[in-house]
Participant: 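Mind having a look at this structure? Questions to follow.
Counting begins at 1 with the first residue of the sequence.
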Amino acid sequence: MSSNKNIVILGASKGVGFFTALHLVKDGNNNNLTLLLRKPELFNNLPEITELSDDCRNRIMIVPGDAFNQEDVEKTFQTAHAVAPIDCVIATIGGTMDFSNPLYPKLVPPLICTNYGSVLLRVLRSYLETNNTKTRLIAVTSNGLGKEEFNHLTFSQKALYSWLLVEPHIDKENFEFLIFQASGTQHPDPSIQKTAAKELVDHDLSLIDQSQHWLKNFVIVRPAFLSDGPEVGKYLVDRSLHKRTGISRADVGHFIGKELIGKNNITWDGGAVAIAY
């Protein structure tokens, strides 16, 4: 088991980020968490948070702000670093779907992962260069990204994803592309490398310059279709999982908190790991 860690989480107000935070603060390792939250009062009033011990609550620091705002993200890093060097940054933010036109659901806000991911990577790069740490990035995207993984979906998944998740998947492919570029490598799926490079042609060139290779420690978590089901604690993980249909947000949080961080499992670092039942 690992000793205590100092961890930053973007997206801890709900979903995967929330369940990850709960595991990390309750796992007995005395981890310190710094959370960037748009609405801290909502988080603080959640039953799972109010029921925490004083010790657990005292190890959660909240920075009010928005992950799209670089100053807010910088403040989050500064707040965390005041406790100790940052061991890990967990990025789990995602958008919602607008069904005003049910034939063409829209991601709200558009390109959320692309935009907040760009801000996060700028801040993380500056932090690493200034402090010479080995901070690890854990980013949550999705399974079924790119042509190769899409081809391994079930027929019903292909139909659902082709209708519901077109915009979210483009967005998450962009985020993955930026992460691999920061590591100095091309995305392992040529279709993502090609389409994301075109999508981001007018983006910050310092982020998409593959020659920089400043990001040394990262892992991308690709959950199957997410549900609000309970934590089971048993699931499959591998570089690629074929024809697996779902996973609860609680179990993705369990995997990140217990396995990737709690056991310091670096088996999949430098690439992506899929998780599903």
Participant: Does atom NZ (K158) have a neighbourhood of more than 12 heavy atoms from anything else shown, all under 6.0 Å?
Facilitator: yes

Participant: Of L120, L200, L215, which meets side-chain contact (heavy atoms from CB on, under 4.5 Å) against L178?
Facilitator: L200

Participant: For residues H254 and Y235, establish whether the separation of their ring centroids is below 6.0 Å.
Facilitator: yes

Participant: Between F18 and F43, what is the ring plane arrangement, given parallel below 30°, perpendicular above 60°, and tilted in between?
Facilitator: perpendicular

Participant: Should the heavy atoms of other residues, nucleotides or ligands under 6.0 Å from CG of L46 be counted, would the total exceed 12?
Facilitator: yes

Participant: Should the heavy atoms of other residues, nucleotides or ligands under 6.0 Å from CZ of R57 be counted, would the total exceed 12?
Facilitator: yes

Participant: Measure the shortest side-chain to side-chain distance between T195 and N174 over non-hydrogen atoms and say whether it is less than 4.5 angstrom.
Facilitator: no

Participant: Measuring from Q186:CD to Q193:CD, what's the distance to the nearest 0.5 Å?
Facilitator: 4.0 Å

Participant: Could you check whether atom OH of Y104 has more than 12 heavy atoms from other residues, nucleotides or ligands sitting under 6.0 Å from it?
Facilitator: no

Participant: Less than 4.5 Å apart, any side-chain heavy atom of N131 and any of I86?
Facilitator: no

Participant: Is any side-chain heavy atom of L22 closer than 4.5 Å to a side-chain heavy atom of I49?
Facilitator: yes

Participant: I'd like to check I261 versus I90 (side-chain heavy atoms, cut-off strictly below 4.5 Å). Are they in contact?
Facilitator: yes

Participant: Quick one: does V63's side chain get under 4.5 Å of L37's, heavy atoms only?
Facilitator: no

Participant: Return yes when atom CD of E71 has more than 12 non-hydrogen atoms of other residues, nucleotides or ligands closer than 6.0 Å, and no otherwise.
Facilitator: no

Participant: Taking all non-hydrogen atoms of both residues, which atom of R136 and which atom of N265 are closest, and how far apart?
Facilitator: NH2-O, 2.7 Å

Participant: Can you tell me which residue pairs pass the side-chain hydrogen bond (donor to acceptor under 3.5 Å, both in side chains) test with a partner in residues 6-21, sequence neighbours excluded?
Facilitator: none

Participant: Tell me whether N45 at atom CG has more than 12 heavy atoms from other residues, nucleotides or ligands lying less than 6.0 Å away.
Facilitator: yes

Participant: Can you tell me which residue among K194, Q181, E176 is in a side-chain contact (heavy atoms from CB on, under 4.5 Å) with H187?
Facilitator: E176

Participant: Using a strict 4.0 Å threshold on nitrogen-to-oxygen distance, state whether R249 and D228 make a salt bridge.
Facilitator: yes

Participant: If you look at every heavy atom in D66 and V73, which pair is closest and at what distance?
Facilitator: O-CG2, 4.3 Å

Participant: Do you see a donor-acceptor pair shorter than 3.5 Å between the side chains of Y277 and S248?
Facilitator: yes

Participant: Quick check against the 3.5 Å criterion: does D269 have a side-chain atom that pairs as donor or acceptor with the backbone of N217?
Facilitator: no

Participant: Side chains of R59 and L33, heavy atoms from C-beta outward: is any pair under 4.5 Å?
Facilitator: no

Participant: Should I256 and V16 count as side-chain neighbours, where that means a heavy-atom distance under 4.5 Å?
Facilitator: yes

Participant: Taking atom types as modelled and ignoring hydrogens, do the side chains of N31 and D27 form a donor-acceptor contact shorter than 3.5 angstrom?
Facilitator: yes

Participant: Check whether the side chains of Y161 and H169 place a donor and an acceptor atom closer than 3.5 Å, and report yes or no.
Facilitator: no

Participant: Please find out if less than 6.0 Å separates the ring center of F68 from that of Y116.
Facilitator: no

Participant: Quick check for you: to the nearest 0.5 Å, what is the distance between E41 atom CD and I62 atom CD1?
Facilitator: 9.5 Å

Participant: Would you mind reporting whether F180 and P188 have side-chain heavy atoms less than 4.5 Å apart?
Facilitator: yes

Participant: Could you grab the distance from atom CG of N4 to atom CG of L24, nearest 0.5 Å is fine?
Facilitator: 11.5 Å

Participant: In Å, rounded to the nearest 0.5 Å, how long is the span from CG of D98 to OG1 of T96?
Facilitator: 7.5 Å

Participant: Taking atom CZ as the centre, does R244 end up with more than 12 heavy-atom neighbours from other residues, nucleotides or ligands that are less than 6.0 angstrom away?
Facilitator: no

